[in-house]
Amino acid sequence: MTPPRPTQIPAEKTGSFEDYLETELDRVRAENRWRFFRPVTGSQGPTVQAAGRELLMLASNNYLGLAGDPRISEAIGEALRTDGTGSGASRHISGSMDRHQELEERLAAFKGTEAAVLYNTGYMANVGIISSLLGPGDAVFSDELNHASIIDGCRLSGAEKEIYRHSDMNDLERRLKKTAARHKLIVTDAVFSMDGDVAKLREIADLSRRYGAWTMVDEAHATGVFGRSGRGLVDHLGLTGKIDIVMGTLGKSLGGFGAFAAGSRRLIDFLINKSRMLIFTTALPPAVCAGVIRALDILESEPDRIARLHRLSARYRDRLVSAGLDICGSVTPIVPVRIGPEDRTLAIAQDLWNEGFFSIAIRPPTVPPGTCRIRTTVMATHTEADLDRAAAAIATACQRHGVIH
């Protein structure tokens, strides 16, 4: 006789939902990978208020200092009064508002492409673009240090994934030669967000032509940093019109929120019709678009911001290298200091926090095991004294914990 099925299984025998969560969190703690939010007060300027004191901000992607610019706040306020706080629905459902159209036209002109379309985040843009373009029978060639959003876009597409060694053009070519895929896409970050180095875009463009591959460049950390008036690394290298898909974000150098894809008119029409990350989500608030439009005005009229950013970045990198620190080959305002093990990296980050510096320990899975680092970023609104003081504090902390001697 089959015993009666119990109406409820005791939690202590099966393990409850909360038990499962705690077990997984214990594992995270044991691996020194615990993450938590650090509350800050005020705008993302060169200094922030945190834990009741002022800290020098060394972790923000607000490279040009525009996130707190009063002119942008004013533009957003005006748009709030005229256009309200939200977009109502997807642009396919409740219409494309004037601010969306205006910003897309500005971004296309800025990037030198026929058209552009807005996404709500850079993550959604990368996943939405790649997964809509490729499918089974296709192949995507992705740098091993590409952003997680690119990785997830490749996974979701169902295409064959060819992960080439970081900036290794010989490995990329070897993989292009052997594939029998129907469609081939080479996708790369322009500026690698955890190392601060740049992609070999000229070589990638050349390989794409030789092997009939499409090209996609993520300029999240290059927009506002490289090129004429911050048009990006593609512009800086003279490759405008030679890259099929240019993706960028609005929440870093442009001080706002959101992202975009830029390219041919056919590409943008394709994404409007096929990209699920675009179709099935409420559009950006119009006031956010107004703020980015004003940021583009400022960027194009104040080129000294970019020049100052590069001067400060070069000085700061030199200070760290002179102290004997490994900055991962950075040539950008992203300046990581490679430490190695998780525990030592966390200890150095805590020392810097205690001394008044807001900097974060970057650990797996964001970076490969054994390559943990303190990722720091330079803003145009920092001063030379700020960055000299930061470089000295980082060197002292690294010496204290045996990274340098």
Side-chain angles (χ1 to χ4, degrees), residues 111-114 122-123 125-222 226-227 232-248 261-264 266-268 270-271 274-275 328-329 331-332 367-368:
K111 289 292 186 178
T113 61
E114 290 181 351
Y123 199 102
N126 278 335
V127 172
I129 294 165
I130 298 168
S131 65
S132 63
L133 282 169
L134 302 177
D138 300 328
V140 57
F141 300 79
S142 177
D143 189 290
E144 67 178 339
L145 296 188
N146 276 341
H147 190 267
S149 56
I150 293 176
I151 295 169
D152 287 354
C154 295
R155 289 170 174 164
L156 190 60
S157 72
E160 172 192 350
K161 294 177 288 297
E162 291 284 350
I163 312 303
Y164 62 90
R165 291 190 295 271
H166 178 50
S167 288
D168 186 332
M169 296 298 98
N170 291 329
D171 189 35
L172 173 57
E173 183 171 17
R174 180 181 64 81
R175 293 170 182 275
L176 286 165
K177 279 181 178 178
K178 74 175 187 178
T179 186
R182 175 186 54 177
H183 300 134
K184 301 179 284 290
L185 173 68
I186 305 171
V187 57
T188 183
D189 285 338
V191 173
F192 292 92
S193 61
M194 292 299 130
D195 287 65
D197 60 338
V198 298
K200 296 177 178 177
L201 295 188
R202 288 198 180 104
E203 292 89 336
I204 287 171
D206 179 61
L207 287 172
S208 73
R209 289 190 295 270
R210 286 159 56 191
Y211 293 97
W214 307 332
T215 48
M216 175 177 169
V217 176
D218 177 341
E219 294 213 292
H221 294 273
F226 287 102
L233 190 64
V234 171
D235 176 90
H236 179 71
L237 296 175
L239 295 173
T240 300
K242 299 178 182 178
I243 300 297
D244 296 301
I245 309 147
V246 177
M247 174 272 185
S264 69
R266 286 191 185 92
L267 168 69
I268 301 311
F270 177 92
L271 294 174
K274 301 280 282 186
S275 179
C328 303
V331 294
T332 70
V367 294

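Scope of the values below: all heavy atoms of this structure, side chains included, with no hydrogens, waters or symmetry mates.
Taking 4.5 Å as the limit, every side-chain heavy atom of Leu145 sits out of range of all side-chain heavy atoms of Met194. Under the 4.5 Å side-chain criterion, counting only non-hydrogen atoms from C-beta, Phe226 is in contact with Thr332. Between Leu133 and Ile245 the shortest side-chain heavy-atom distance falls below 4.5 Å. Counting heavy atoms from C-beta outward, Thr188 and Leu201 have side chains that approach closer than 4.5 Å. Val198 places a side-chain heavy atom less than 4.5 Å from the side chain of Leu233.
Residues Ala261 and Leu271 share a closest heavy-atom pair of CB-CD1, 3.8 Å. The minimum heavy-atom distance linking Tyr164 with Asp143 is given by the pair CE2-N, 3.4 Å. Closest of all the heavy-atom pairs between His236 and Gly227 is CB-N, 3.6 Å. When every heavy atom of Ser132 is checked against every heavy atom of Lys274, the shortest pair comes out as CB-O, 3.7 Å. Here the closest non-hydrogen pair linking Gly263 and Ile268 is N-CD1, 4.1 Å. Between Ala262 and Lys111, the shortest heavy-atom distance links the atoms CB-CB, 4.3 Å.
Partners of Asp197 according to the salt bridge (Lys or Arg N to Asp or Glu O under 4.0 Å) rule, which considers only residues two or more places apart in sequence or in another chain, do not exist here. Evaluation of the salt bridge (Lys or Arg N to Asp or Glu O under 4.0 Å) rule for Asp235 yields Arg228 as partners, not counting sequence neighbours.
The line from CG of Asp189 to NE2 of His147 is 7.5 Å long, rounded to the nearest 0.5 Å. Atom CG of Leu172 sits about 6.5 Å away from atom CD1 of Ile204, to the nearest 0.5 Å. Here OG1 of Thr113 is found 9.0 Å from CG of Leu267. Values are rounded to the nearest 0.5 Å. In this structure, the separation between CG on Leu207 and NZ on Lys177 is 9.5 Å, given to the nearest 0.5 Å. Expressed to the nearest 0.5 Å, how far CD1 of Ile129 lies from CZ of Phe270 amounts to 11.0 Å. Here the CE atom belonging to Met216 is positioned 15.5 Å from the CZ atom belonging to Phe141, to the nearest 0.5 angstrom.
Ring geometry, His166 versus Phe192: the interplanar angle exceeds 60°, so the pair is classed perpendicular (tilted spans 30 to 60°).
Ion pairing between Arg175 and Asp171 holds under the 4.0 Å rule for side-chain N and carboxylate O.
Side chain of Asp152 to backbone of Ser149: no donor-acceptor contact under 3.5 angstrom is found. Put simply, the side chain of Ser275 gets close to the backbone of Gly128: a donor and an acceptor are under 3.5 Å apart. At distances below 3.5 Å, at least one donor-acceptor pair connects side-chain atoms of Thr215 with backbone N or O atoms of Asp244. No donor-acceptor pair under 3.5 Å is formed between the side chain of Thr179 and the backbone N or O of Leu176.
A donor and an acceptor atom, one from each side chain of Tyr211 and Glu173, are located under 3.5 Å apart.
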Discussion item. For a side-chain contact (heavy atoms from CB on, under 4.5 Å) check, start with the C-alpha distance between Asp218 and Asn146, then their side-chain angles and the critical distance, and finish with the verdict.
Written reply: CA-CA 9 Å; Asp218 177 341; Asn146 276 341; over 6 Å; no

Practice prompt. Apply side-chain contact (heavy atoms from CB on, under 4.5 Å) to Val234 and Glu219, showing your working.
Written response: CA-CA 8 Å; Val234 171; Glu219 294 213 292; 3.6 Å; yes

Practice prompt. I would like to know whether Ile150 and Ser142 meet side-chain contact (heavy atoms from CB on, under 4.5 Å); could you show each step before the answer?
Written response: CA-CA 8 Å; Ile150 293 176; Ser142 177; 3.8 Å; yes

